[in-house]
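These notes concern the structure reproduced below.
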Amino acid sequence: MTVRTRYAPSPTGVPHLGNLRTALFDYLLARHSGGQLILRIEDTDQARYDPGAVEGLLQSLRWLGIDWDEGPDIGGPYGPYVQSQRLEHYRAAAGRLLAQGDAYECWCSAERLDAVRAEQARNKQPPKYDRRCRDDAGRASARAEAEAEGRSCVVRFKTPLAGEISLADAIHGETAFDLATIDDFVMLKSDGFPTYHLAYIVDDEMMRITHVLRGDEWLPSAPRHALIYRALGITPPIIAHVPRVLGPDGAKLSKRHGATSVFEYRDQGYLPDAVFNFLGLMGWSLDDHTEILSRQQFIEHFTLDRIVRNPAIFNVEKLTWMNGVYIRDMPEEQLVALFADRLERDLRPEVARPLDRALVARLAPLIRERVKLLAEVAAYCDFFFIDDLRYSRDDLLGKAYAGRAEEARAALEAVALLVAETAWAHDALEAALRELAGRLAVKPGDLFSLVRVAVTGRRVTPPLFESMEIVGRERCLARLRAAAKALA
RNA sequence: GGCGCCAUCGUCUAGAGGCCCAGGACGCCGCCCUUUCAAGGCGGAGAUCGCGGGUUCGAAUCCCGCUGGCGCUACCA
């Protein structure tokens, strides 16, 4: 039997990292076993429906490099893959359940339901539907009221009043639930749309899904699902309730923890490979030491039994570290393209575009091991592109030359003289400046710092002499003289 | 209130009775390298394996209880 997994998000907002992690697991499981990943849109909540969300969902998956075999955009043999287009199937299933006596119509008003729950809460009772419509008499009177008010009904499952139902979970094992604690839950809403419980079961069955991965917040509803499977005569798929991804304070990941959408990470310059790797390790591990895994390795090794049970707290610092690893390990050519694109976006507007790729290619090796986020690139190398450097007098003088502007000015003049005549190679430049430092009786590092700011406008830069070599003699000279002049 | 899930360094995790007075990674601290910053190398601090009982010659690993955190308890998913 081929494995068929599905990722079935609700289009209710921006794609969330936690959800994406589940999608990643679905993808990995499918690819590991040579099966298929199905994408299905669960838009059964008309109130929360966000029309732009589907496109965002698709984009975020594509960005992460997760591809699917059937879905709303590409179709497939079991379509449509959007639940709002499959209402007839849910109605048919509900009809069957009704006919079998496993469900009943409930005509109670929302107001009555609220009142019942409020009363239960006052009495410290578990809030549950009081089953007024479960028997014919109650239903008839409720129906009369409803029809007088022009309301329609919902369809509820007729949960057995007593007994137990047990269910198997691929991660949590077997759990038994007391049926007495389970409500007569709604399967079909009054607007004709199904609830999640009915819809996913009908679809998974029709779409031949073999493995269901979902957040473990669904675990408490699983016995309801077991009831539906049984009543419909469906053999349940393998179900795995995966632990969730939480914010740093242990609460549900939300905007106040910083970025929750993949797009924000993408825009900051996190690489899809790094995010993929990082997410793949949230709740799953290969062994006791492997941190960096390629997509292929993930696919090769991913199995359900190595998913942990406890929730994972999202740790951006580790993601950032990992991103740095990916930047350092990336093929040169690819990195240059990435840097160039990013620079074209981040550099001051007066810098002419497109950028000189050959120049980017020269500077890339100088900064690649310093950059953890693409967003940092410009700060490391903007001086290669900009001549109008902006720095303060204090920055220029630094600690070493603080209060000794005249000495600094003289030193810069001397450097300029050397720079004008030294062979244009970083090692020659370094040798010359070291020698000058000796003559000036200053520490080489102090002199270099002065020159660094004069030439780059920054106190933190790639290696100075390699940078100067790339900036070029004339531009270096101009910058040194400008700095000296500023100190005069 | 009811039901359920979870519980190893701050964080991600390894661990499926002896290999563990608990290993790796991020982060943190120190040293080395060094023109700044990184990267890299070396070293360190950091978990009485939530607590209490069992079972066992022996428990992070099995059982029970407790505590804590979280989730569900909607005509949301």
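Fair warning: this is a prediction, and the values are worked out from it, not measured in the lab. We name chains A, B, ... by the order of the sequence lines, and we start the count at 1 in each one.
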Pair A/F193 + A/Y90: ring centers closer than 6.0 Å: no
B/C5 phosphate, OP1 or OP2, under 4.0 Å from A/R309 side-chain N/O: no
Side chain of A/H289 - closest among B/G2, B/C75, B/G24: B/G24
Plane angle bin for A/F157 and A/F185 - parallel if under 30°, tilted between 30 and 60°, otherwise perpendicular: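 Plane angle under 30°, so parallel.
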A/F298 and A/F276 aromatic ring geometry - parallel, tilted or perpendicular at 30°/60° bounds: perpendicular
For [N], does the base pair up with any side-chain atom of [X] as donor and acceptor (N or O, under 3.5 Å, distance only)?
{"X": "A/T181", "N": "B/C3", "result": "no"}
{"X": "A/E291", "N": "B/G24", "result": "yes"}
{"X": "A/R459", "N": "B/U36", "result": "no"}
{"X": "A/R370", "N": "B/C37", "result": "yes"}

Counterpart base for B/C37, defined by Watson-Crick or G-U wobble contacts under 3.5 Å: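 With both distances under 3.5 Å required, B/C37 matches none.
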Between [N] and [M], how far is it from one [atom1] atom to the other, in whole Å?
{"N": "B/A60", "M": "B/G54", "atom1": "P", "answer": "15 Å"}
{"N": "B/C21", "M": "B/A25", "atom1": "C1'", "answer": "23 Å"}
{"N": "B/G10", "M": "B/A45", "atom1": "P", "answer": "15 Å"}
{"N": "B/U11", "M": "B/G17", "atom1": "C1'", "answer": "29 Å"}
{"N": "B/C31", "M": "B/G24", "atom1": "P", "answer": "23 Å"}

Ion pair check, A/E149 and A/R112, cut-off under 4.0 Å: no
Sugar-phosphate only, base, or nothing, as touched by A/S285 at under 4.0 Å among non-hydrogen atoms: sugar-phosphate
